[in-house]
Structures are given as structure tokens and as C-alpha cells.
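Here is the structure we will look at, set down as C-alpha cells.
A quick note: this is a predicted structure, and the numbers were derived from the prediction, not measured. If you read the sequence from its start, that first residue is 1, and numbering goes on from there.
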Amino acid sequence: GDDFDAFEDNVGRFMTEYGMQSFPSMSMVESFTHKKDRSLDSDVMNVHQKASLGTGNLMKYVEDYYRVNDDFDSVVGLSQIMQAEAIRFAVEAHRRNMPYCMGTLYWQFNDCWPVISWSSIDYGGNWKALHYAARKFFSPLLISIRYLEDKIEIHVINDQHHEVESGIRLGLFNLNGDILFKDSSEINVEPFSSTIYCAFNKKNLLGGSDPSAIVFRAELFVGGKVLSRAHQFFRRPKYLSIPSPEFDYEIERVSGKYVITVKSKSFLCQLHLISIKVRGVFSNNYFDMLPGEVVIIDFEPGENGELNESDFRIKTLYELMN
């Protein structure tokens with residue numbers, strides 16, 4: 001029942017078997033339910049929940065952070081985004097505390113049957129939001145934002161044997177994409193280190209801006225390529241003034257894989273793609289985009305077969321909460 005920030009207060013030398021539940025993918029839910037069973041408290045869904053605290057505890061966290069509507073499909077999606085955020089919060093707290101903490105393994109990797117669980121890959125082999133997030137928060141070179149009562153700290157973590165000469169880019173944006181503050185510099189990141197690069201007083205940083213319509217971005221890049229990116233909001237997601245999503249996209253088949261190009265016209269929060277016909281892995285998923293940005297995602301299908309544009313769905317946090 002504790003909030004995510006309890007992870008900050010419980011850091012050990014090597015962290016294992018901590019976790020947060022979520023629902024499996026909707027395709028997995030559909031494999032063991034009839035339509036009438038797809039509700040939070042149906043007998044079938046309860047049978048597929050083995051946590052002692054049950055789905056009520058999971059939903060407490062979803063409702064703490066997100067606006068929940070009556071659409072079961074949206075609840076499934078929100079549960080995965082919440083799970084990813086919870087474990088990201090934990091892992092980054094652990095990694096910021098190196099060398100005191102030198103290891104962190106969340107519970108759990110996968111499932112032995114279709115179930116509501118702590119896994120990051122469900123029984124069908126589908127990657128949940130957590131598994132996509134893990135590839136980012138376990139990046140050897142990591143930028144992490146610590147959100148405190150009166151300030152935010154920008155931490156840089158290097159888990160490698162060698163020093164890294166990197167660029168660091170910071171910016172404050174409103175959700176219309178307007179730049180309110182920006183800064184960039186070069187930084188030498190020592191091997192096996194966690195350091196506070198800088199800190200900002202939140203009141204001074206925001207000025208008179210509406211905190212529900214602001215996002216802070218921090219990036220580490222080498223040779224123009226962004227190796228780690230972090231976003232920080234100043235209100236919980238359910239209180240953000242996220243605009244209705246506007247974007248263009250195109251999908252083309254290239255050498256057995258599919259390439260999806262997304263061009264944002266508005267701020268996009270937790271944009272994610274779903275393959276509804278075949279299982280597969282996206283090169284990037286569950287991410288934020290500022291207006292005018294372009295992201296290219298590869299999709300590697302797990303089986304042969306021709307896919308059409310209608311075989312993919314693109315969703316954002318906006319649709320899940322409204």
C-alpha cells in the first residue's frame with residue numbers, strides 16, 4: 001500500500017524479489033475468458049489472480065496515478081503502464097545509490113500460465129510495458145531524475161568499465177511543445193559511478209507556469225545519438241493537461257520486418273503500438289513525444305504472415321484515461 005517513493009527509503013546492498021502486478025496483454029486475457037468474464041471482479045479473472053491482496057491492491061495503484069474509466073481494455077493498458085513506472089522508480093533509486101547498492105533484480109520475468117502477475121512478459125510471450133521500460137532503465141549509461149519536495153536532481157549513472165565522454169541536454173517544455181528553458185554541455189562520466197550532475201529548485205524552474213502542463217526532459221547523447229532519456233512531470237498523470245493526440249504514421253514492410261514511422265503533431269504520452277494479429281517485439285514502445293518529433297520503430301513478427309496497417313493499433317495515455 002505504500003507509494004512509489006517508499007522504494008527510496010528501502011535500498012539494500014542487492015535488491016531482489018520486489019515487484020508490482022499488472023494484467024497480461026488483452027490478447028492473453030481474451031484467450032482464457034468470454035466477453036462476459038472481462039471485468040475486474042469476475043470469477044474467471046479472480047481465478048487468474050493469485051496475489052494474497054488480490055486485484056484490489058493493483059487497482060489502488062492504478063487509481064492513485066491514472067484516471068480510470070469503465071473500459072476494461074483501458075484498465076489492462078493502464079495497469080501495465082503503472083507497473084512499468086513503479087519498477088522504473090525502484091530500479092533508478094537502486095542505481096542512483098551505487099556503490100552502496102550494486103545489484104537489482106525485479107520480480108518477475110515471465111509466467112507459467114496466463115495470469116495477473118508481477119511478470120514483464122506474459123504467458124503468451126507478449127512484452128508488457130515493463131519489459132520495454134526495463135531495456136531503458138537498465139541501460140549501462142543512464143540519466144535519472146529524482147523528484148523531491150522542493151527540487152529535482154539530475155543523476156548520471158555509468159555501469160561500465162570505462163569513462164564516457166557524453167553530451168547532456170536539459171529542457172523544460174509545455175505540452176504544446178514550447179521551450180521554456182534549455183541547456184546543454186559536455187560531461188565526462190566516470191566508470192562505475194553515480195553522480196548528481198545538477199539540481200533545480202522546482203519553484204524557480206516552473207516560474208508561473210501551470211505544473212499540470214509542463215514536462216522536463218534530460219538526455220545523454222554520444223555522437224548525436226541519444227543513449228538515455230528521462231522525462232519528469234510535476235503532477236501525477238491523472239492531473240496532467242494532456243492534449244488530444246495528433247500524429248501521422250506509416251507502416252512499410254522491409255526485409256521481413258515492419259517499419260513504423262510516427263510523426264507527432266501534439267504532445268504524445270506513453271505512445272505504444274500493439275500487434276493484434278501476431279506476436280512480436282517492437283524496437284521501442286511506451287514513450288513520450290514532443291510535437292514535431294519523428295520516431296521510427298521496427299516490428300519483428302514472431303511468425304510468418306502478411307500484416308496490414310489494420311493489424312496494428314497505436315494508443316496513448318490520453319485514450320486510456322478518457
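Glu219 pairs with exactly one of Lys182, Arg229, Lys225 by the salt bridge (Lys or Arg N to Asp or Glu O under 4.0 Å) rule, that one being Arg229.
No more than 12 heavy atoms of other residues, nucleotides or ligands lie within 6.0 Å of CG in Asp70, so this atom counts as exposed by the packing criterion. More than 12 heavy atoms of other residues, nucleotides or ligands lie within 6.0 Å of CZ in Arg135, so this atom counts as buried by the packing criterion. Annotation for Tyr239: atom OH does not count as buried by contact number, only 12 or fewer foreign heavy atoms lying within 6.0 Å. Counted within 6.0 Å of NE2 on His162, heavy atoms from surrounding residues, nucleotides or ligands total more than 12; the atom is thus considered enclosed.
When side chains are defined from C-beta on, Ile168 counts as touching Tyr197, because their heavy atoms get closer than 4.5 Å. You'll find the side chain of Val91 reaches within 4.5 Å of the side chain of Phe138, heavy atoms only. Using a 4.5 Å heavy-atom cutoff, the side chains of Leu205 and Ile152 are in contact. A heavy-atom distance below 4.5 Å is found between the side chains of Val75 and Leu40. Using a 4.5 Å cut-off on side-chain heavy atoms (C-beta onward), Met45 and Val29 make contact. Between Ser212 and Arg235, the closest side-chain pair of non-hydrogen atoms falls below 4.5 Å. A heavy-atom distance below 4.5 Å is not found between the side chains of Ile81 and Met321. Here the side chains of Leu290 and Phe267 are in contact, with some heavy-atom distance below 4.5 Å.
Using a distance-only test at 3.5 Å, with no hydrogens or angles considered, a donor-acceptor pair links the side chain of Asn201 to the main chain of Lys203. Of the possible donor and acceptor atoms, one in the side chain of Asn174 sits under 3.5 Å from a partner among the backbone N and O of Asp178. Under the 3.5 Å distance criterion, the side-chain polar atoms of Tyr132 are matched with a main-chain donor or acceptor of Phe282. When atom types are taken as modelled, the side chain of Asp64 and the backbone of Asp3 share no donor-acceptor pair closer than 3.5 angstrom. No donor-acceptor pair under 3.5 Å is formed between the side chain of Lys136 and the backbone N or O of Ser228. Tyr258 places a side-chain N or O within donor-acceptor distance of the main-chain N or O of Leu307, the cut-off being under 3.5 Å. Judged purely by atom type and a 3.5 angstrom limit, Asn188 has no side-chain atom pairing as donor or acceptor with the backbone of Glu165. Side-chain N or O atoms of Asn57 include none that pairs as donor or acceptor with a backbone N or O of Gly54 at under 3.5 Å. Not one N or O on the side chain of Arg313 forms a donor-acceptor pair closer than 3.5 Å with the backbone of Ile274. With Glu92 contributing its side chain and Phe89 its backbone, the two residues share no donor-acceptor pair below 3.5 Å.
In terms of the side chain to side chain contact (heavy atoms under 4.5 Å, CB included) criterion, residue partners of Pro140 (sequence neighbours excluded) are, by chain and number, Gln160. Residues satisfying the salt bridge (charged side-chain N to carboxylate O under 4.0 Å, His left out) test with Glu306, not counting sequence neighbours, are Arg253. Remark: Asp210 pairs with no residue by the salt bridge (charged side-chain N to carboxylate O under 4.0 Å, His left out) rule, at least two apart or across chains. The salt bridge (charged side-chain N to carboxylate O under 4.0 Å, His left out) test applied to Lys50 returns no partner, not counting sequence neighbours. Every residue meeting the salt bridge (charged side-chain N to carboxylate O under 4.0 Å, His left out) condition with Glu153, not counting sequence neighbours, appears here in chain and number order: Arg146, Lys151. Evaluation of the side chain to side chain contact (heavy atoms under 4.5 Å, CB included) rule for Asp2 yields Ala6 as partners, not counting sequence neighbours. Residues meeting the side chain to side chain contact (heavy atoms under 4.5 Å, CB included) test with Phe192, sequence neighbours left out: Met98, Asp159, His161. For the side chain to side chain contact (heavy atoms under 4.5 Å, CB included) test, residues two or more places apart in sequence or in another chain that qualify with Ser31 are Met28.
Under 3.5 Å, the side chains of Asp111 and Ser119 contain a donor-acceptor pair of N or O atoms.
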Test ring pair (Phe, Tyr, Trp, His ring centres under 6.0 Å) applied to Phe72 and Phe23, step by step: CA-CA 11 Å; Phe72 183 72; Phe23 286 88; 5.7 Å; yes
Criterion side chain to side chain contact (heavy atoms under 4.5 Å, CB included) on Ile260 and Ile296, from CA distance to verdict: CA-CA 6 Å; Ile260 302 105; Ile296 299 174; over 6 Å; no
Side chain to side chain contact (heavy atoms under 4.5 Å, CB included) evaluation trace for Ile157 with Ser144: CA-CA 8 Å; Ile157 298 114; Ser144 173; 4.1 Å; yes
Pair Phe14-Leu105, side chain to side chain contact (heavy atoms under 4.5 Å, CB included): steps then yes or no: CA-CA 8 Å; Phe14 194 107; Leu105 294 169; 3.9 Å; yes
Trace of the side chain to side chain contact (heavy atoms under 4.5 Å, CB included) decision for Leu170 with Ser184: CA-CA 6 Å; Leu170 308 175; Ser184 62; over 6 Å; no
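When hydrophobic clusters are built by joining Ile, Leu, Val, Met, Phe, Trp and Tyr residues whose side-chain heavy atoms come closer than 4.5 Å, directly or via intermediates, Leu271 is grouped together with Tyr318. Residue Leu141 is not grouped with residue Phe287 when hydrophobic side chains (ILVMFWY) are merged at heavy-atom distances under 4.5 angstrom, including chains of intermediate members.
For Leu273 against Ile297, the heavy-atom pair with the smallest separation is CD1-CD1, 3.9 Å. In terms of heavy atoms, Gly77 sits closest to Leu320 at C-CD1, 3.9 Å.
The existence of a salt bridge linking Arg217 and Glu293 is confirmed by a sub-4.0 Å separation between a basic side-chain nitrogen and an acidic carboxylate oxygen. Contact check on Asp298 versus Lys257 returns a salt bridge, with a Lys/Arg side-chain nitrogen under 4.0 Å from an Asp/Glu carboxylate oxygen. Checked for salt-bridge contact, Arg88 and Glu85 meet the test: a charged N lies under 4.0 Å from a carboxylate O.
Residue pairs meeting the ring pair (Phe, Tyr, Trp, His ring centres under 6.0 Å) criterion with at least one partner in residues 203-235, sequence neighbours excluded, are Phe200-Phe216. Within the structure, every pair that satisfies the side chain to side chain donor-acceptor pair (under 3.5 Å) test and touches residues 35-48, not counting sequence neighbours, is listed here: Thr33-Arg38. For the side chain to side chain donor-acceptor pair (under 3.5 Å) condition, the pairs that include at least one residue of residues 261-278, sequence neighbours left out, are Asp248-Lys265. Applying the side chain to side chain donor-acceptor pair (under 3.5 Å) definition to pairs two or more places apart or across chains, those involving residues 10-29 are Tyr18-Thr104, Gln21-Gln49, Ser22-Gln83, Ser22-Lys128, Ser25-Ser27, Ser25-Asp122, Ser25-Asn126.
Note that CG of Leu240 and OH of Tyr66 are 9.5 Å apart. Values are rounded to the nearest 0.5 Å. Between the CG atom of Leu58 and the CD atom of Glu63 there is a distance of 9.5 Å, given to the nearest 0.5 Å. From Asp288, atom CG reaches atom CZ of Phe173 across 12.0 Å, with rounding to the nearest 0.5 Å.
Below 30°, between 30° and 60°, or above 60°: for His131 and Trp127 the angle between ring planes is above 60°, a perpendicular geometry.
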